[in-house]
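Step one of this worksheet: look at the structure below.
Every chain is numbered from 1, with letters handed out A, B, ... down the list of sequences.
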Amino acid sequence: MAKEKLSEDRLNKAQKIRELGYDPYGQRFDGVIPLAQAKALFDPDNPEKHPPARIAGRIIFLRDIGSLIFIRLRDSSGELQIGLSKKHLGQQWKLAKLFDLGDIIGADGQIGITKTGEITLWATEITILAKAINPPPEKWHGLTDTELRYRQRYVDLFSNPEVQKTFKLRSELIAQIRTMLTEQGFLEVETPMMQAIAGGAAARPFITHHNALDIDLYLRISPELYLKRLLVGGFEKVFEINRNFRNEGISTQHNPEFTMMELYQAYADYNDMMDLTEQLISQLVRKINPEMKLPFGELTIDYTQPWQRKTYAELLKEHAGVDINDIDAVRAKARQLDIEEATMDDTVVINEVFEATVEDKLINPTFVIDYPAPLCPLTKPKPDNPDLALRFELFIAGMELANAYTELNDPKIQKRNFEIQLAGQEETMAVMDHDFINALRYGMPPAGGLGIGIDRLIMLMTNSTSIRDVILFPLQKPKEQLTE
RNA sequence: GGGGGUGUAGCUCAGUCGGUAGAGCAACGGCCUUUUAAGCCGUAGGUCCUGGGUUCGAGUCCCAGCGCCCUCACCA
């Protein structure tokens, strides 16, 4: 049936509801209890007891068998059936006959059971709270078209309960992270999302414009340089959970805006960050499955502690079969992998080979430690070997999940690293952040810093293989506006 | 940006060799006091993603474009 006709029928019903003296878009409906809670009021040992309840929810099933109507309601807690009978509803029977799938209604009644054994609220009074003009998706399959699911997430959420479940878990896990960090003495802070200089990472930023000041600003690619300013300021333990924006490709692991948790701890180093990371994520996993194993697509990830800690060079040897110090061998391997190595610096070639051969092999949680220093301009070099940086990345299911270092706090080296970076990468951080250097000149305590990609973490915790399934409204290219 | 897939009724999907566009759910009408993805009987519902082309004839074949998904590239 044509879409317009379906809506027209529902609009007509809304009008009939008005004629009966009801507002199809109702008012405050006080004292509602969640459907799961209402359902639990039924006592199987005492089926003759009929506790009263007031409930509300969206109609997901409706069967009209003459002078009896069965309706299944859904809310965020679950589902419950309502039984409506002509005999008991009296005047309101006419209203009941105007209900459609998708409408949001409220009901008062007693919890009982049907002859077939389903717990049911036998309604004595009903009300319409919102008339749905658009018909909902099919009740059995739900909404499966991925494009529609993302563009109209509101429909996806109410028609596919498992989607709600994923986002509830996301919220709970982030709350747990906040609690754990706060309990350990970390202070949650908020630093600028709009920055005059986009620093702290190498990524292309989004540019926006402030009219009154007539200046371009960047959406931040990282909060790092501001959080470190707070270490200078004397906060010893800070963290921020917020959005970063990167103007780059979109994939199952990349959304242009994504949520990052960054924390900094004075007087600590990257070893402390490793312990903290392992502890944080393990606690989340334990709550989901005490066996410490979680499925992820075709994989099963084993989070049993302790997690592997392997050096960058060790892994390169293991998976690429080359010695990091034998640059000829590395370059030969690169050519074998079709990497255009000729114009690249040694370290870049090494990293290309590393990314091509190692990363997707790291399925169970693995800390990769001691990165080549040139890849890490914000990291303190190893005291006994300045070619290596005190940095780790955590890989799970082949995904880069966390990145951490012993923070560089020598302003002179920091400035030099920025200069090298600026010379090599015009495209990224185009301006020296003199104020950050100035902050370091006042003295920043030695510190460990950690970043965890929250969306990717949620992917692992909820067995979602696309980042779009853990972001409520992932970026979609605009289409022509929907009209009535 | 490259490669692969996909787009048909509100939703989920069929559609053979190029020959009148189909089903289920939802809707509408009728019967029914216990339905559990679909009660029974009946009715109605289409920009086959868009624009060209080939053909007597295109949902189907060809070309171009668009959206989405996967993948590669890019990505501290």
Side-chain angles (χ1 to χ4, degrees), chain A residues 1-10 12-13 59-72 79 81-88 100-102 112-120 122 132-152 155-156 159-160 199-204 221-222 224 244 246-256 258 338-340 347-348 351-352 354-356 359 371-379 389 391 393 400 403-405 417 421 424-425 427-429 451 465-466 468-469 474 476-480:
Chain A
M1 168 154 319
K3 195 182 169 189
E4 301 74 38
K5 181 68 170 62
L6 290 173
S7 294
E8 198 184 304
D9 288 338
R10 286 166 177 260
N12 288 339
K13 286 186 185 175
I59 300 177
I60 58 158
F61 179 89
L62 190 150
R63 172 121 344 280
D64 180 347
I65 46 171
S67 40
L68 196 61
I69 298 175
F70 288 99
I71 287 174
R72 188 168 315 138
E79 297 174 5
Q81 174 168 279
I82 306 183
L84 306 171
S85 81
K86 188 175 183 178
K87 209 163 82 185
H88 292 111
D100 281 310
L101 289 178
I113 195 166
T114 62
K115 282 178 188 167
T116 52
E118 170 133 1
I119 298 172
T120 298
W122 294 102
I133 302 307
N134 292 336
E138 197 209 12
K139 63 192 174 206
W140 179 239
H141 296 92
L143 188 68
T144 62
D145 182 289
T146 41
E147 183 176 353
L148 279 179
R149 286 188 47 229
Y150 298 146
R151 286 190 194 277
Q152 301 186 46
V155 178
D156 188 32
S159 55
N160 297 322
R204 272 177 295 181
I221 55 175
S222 154
E224 171 152 355
N244 288 350
R246 296 187 182 178
N247 203 341
E248 286 161 2
I250 298 174
S251 77
T252 46
Q253 291 173 35
H254 301 81
N255 195 60
F258 61 100
D338 290 327
I339 295 166
E340 307 261 336
T347 332
V348 178
N351 202 43
E352 290 282 328
F354 184 89
E355 287 179 2
E359 292 190 355
Y371 274 68
L375 295 173
C376 317
L378 294 155
T379 312
R391 171 185 179 189
E393 287 197 1
E400 179 193 333
N403 182 17
Y405 9 97
N417 287 354
Q421 192 183 8
Q425 304 172 315
E427 196 173 29
T428 54
M429 198 183 89
T465 51
S466 170
R468 293 177 212 104
D469 290 325
Q476 298 287 106
K477 205 162 176 176
K479 281 180 117 172
E480 52 188 293

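- Spacing between B:rU47 and B:rG1 at atom C1', rounded to whole Å, works out to 32 Å.
- Side-chain atoms of A:Q81 come within donor-acceptor range of the base of B:rU35, with a qualifying N/O pair under 3.5 Å.
- Every residue two or more places apart in sequence or in another chain that forms a salt bridge (Lys or Arg N to Asp or Glu O under 4.0 Å) with A:E393 is listed here: A:R391.
- With B:rU33, B:rC28, B:rU12 as the candidates, the nucleotide lying closest to the side chain of A:S67 is B:rU33.
- Across the protein-nucleic acid pair, A:I71 atom CD1 and B:rU34 atom P stand 17 Å apart, rounded to whole Å.
- Residue order along RNA chain B, read from the 5' end via each residue's closest nucleotide, puts A:H141 first among A:E118 and A:H141.
- Residues meeting the side chain to side chain donor-acceptor pair (under 3.5 Å) test with A:T144, sequence neighbours left out: none.
- Taking the side chain of A:K139 as heavy atoms from C-beta on, and the options B:rA38, B:rC68, B:rC75, the nearest nucleotide is B:rA38.
- Contact between the side-chain N/O atoms of A:R468 and the OP1/OP2 oxygens of B:rC70 is found at a separation under 4.0 Å.
- Taking the P atom of each, B:rG59 and B:rA37 are spaced 39 Å apart, rounded to whole Å.
- Taking atom P on both nucleotides, B:rA73 is separated from B:rG46 by 47 Å, rounded to a whole Å.
- OP1 and OP2 of B:rC32 both lie 4.0 Å or more from every side-chain N or O belonging to A:K86.
- For A:L148, the side-chain atoms get nearest to B:rC11 when compared with the rest of B:rA37, B:rC11, B:rC70.
- The P atoms of B:rG51 and B:rA58 are separated by 14 Å, rounded to the nearest whole Å.
- Between the A:N255 side chain and the A:R468 main chain, no donor and acceptor come within less than 3.5 Å of each other.
- In terms of the salt bridge (Lys or Arg N to Asp or Glu O under 4.0 Å) criterion, A:K139 has no residue partners (sequence neighbours excluded).
- Distance check on atom P: B:rU8 versus B:rC68 gives 15 Å, rounded to whole Å.
- Base pairing of B:rG10 is made with B:rC25, judged by Watson-Crick or G-U wobble geometry with both donor-acceptor distances under 3.5 Å.
- Under 4.0 Å is where a charged nitrogen must lie from a carboxylate oxygen, and between A:K13 and A:D9 no such pair does.
- Residue A:S466 is in sugar-phosphate contact alone, with no base atom involved, counting any heavy-atom pair closer than 4.0 Å across all strands shown.
- Here the separation of B:rC49 from B:rU43, taken at their P atoms, is 28 Å to the nearest Å.
- A straight line from CG of A:L62 to C1' of B:rA38 spans 14 Å, rounded to a whole angstrom.
- Residue A:E79 contributes atom CD, which lies 11 Å from atom P of B:rA37 at whole-angstrom precision.
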Can you tabulate the close N/O pairs, meaning under 3.5 Å, that link protein atoms to atoms of nucleotides 39-42 of chain B?
| residue | atom | partner | partner atom | Å |
| --- | --- | --- | --- | --- |
| B:rG39 | OP2 | A:R63 | NH1 | 3.0 |
| B:rG39 | OP2 | A:R63 | NH2 | 2.7 |

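- Using a 4.0 Å heavy-atom criterion, one finds that A:R151 contacts the sugar-phosphate atoms exclusively.
- Nucleotides B:rC48 and B:rA21 are separated by 11 Å at their P atoms, to the nearest Å.
- Within 4.0 Å (heavy atoms only), A:K115 reaches at least one base atom of the nucleic acid.
- A donor-acceptor contact under 3.5 angstrom links the side-chain atoms of A:E138 to the base of B:rG24.
- Of the C1' atoms belonging to B:rG45 and B:rA9, the separation is 7 Å, rounded to the nearest Å.
- Across all strands, A:T252 comes closer than 4.0 Å only to sugar-phosphate atoms, never to a base (heavy-atom distances).
- For the pair A:K87 NZ and B:rU33 C1', the computed distance is 8 Å after rounding to whole Å.
- Side-chain proximity of A:T114 to the nucleotides B:rA37, B:rU35, B:rC68 is greatest for B:rU35.
- Put simply, A:T144 has a side-chain N or O that comes within less than 4.0 Å of OP1 or OP2 on B:rU12.
- For A:Q476, the listed nucleotide lying nearest its side chain is B:rC68; candidates were B:rC74, B:rU35, B:rC68.
- A 3.5 Å limit on both hydrogen-bonding distances identifies no Watson-Crick or G-U partner for B:rA44.
- Residue pairs that meet the salt bridge (Lys or Arg N to Asp or Glu O under 4.0 Å) test with at least one member in residues 141-150 of chain A, sequence neighbours left out, are A:E147-A:R151, A:E147-A:K479, A:R149-A:D156, A:R149-A:D469.
- In this structure, the side chain to side chain donor-acceptor pair (under 3.5 Å) partners of A:Q81, at least two apart in sequence or on a different chain, are A:T120.
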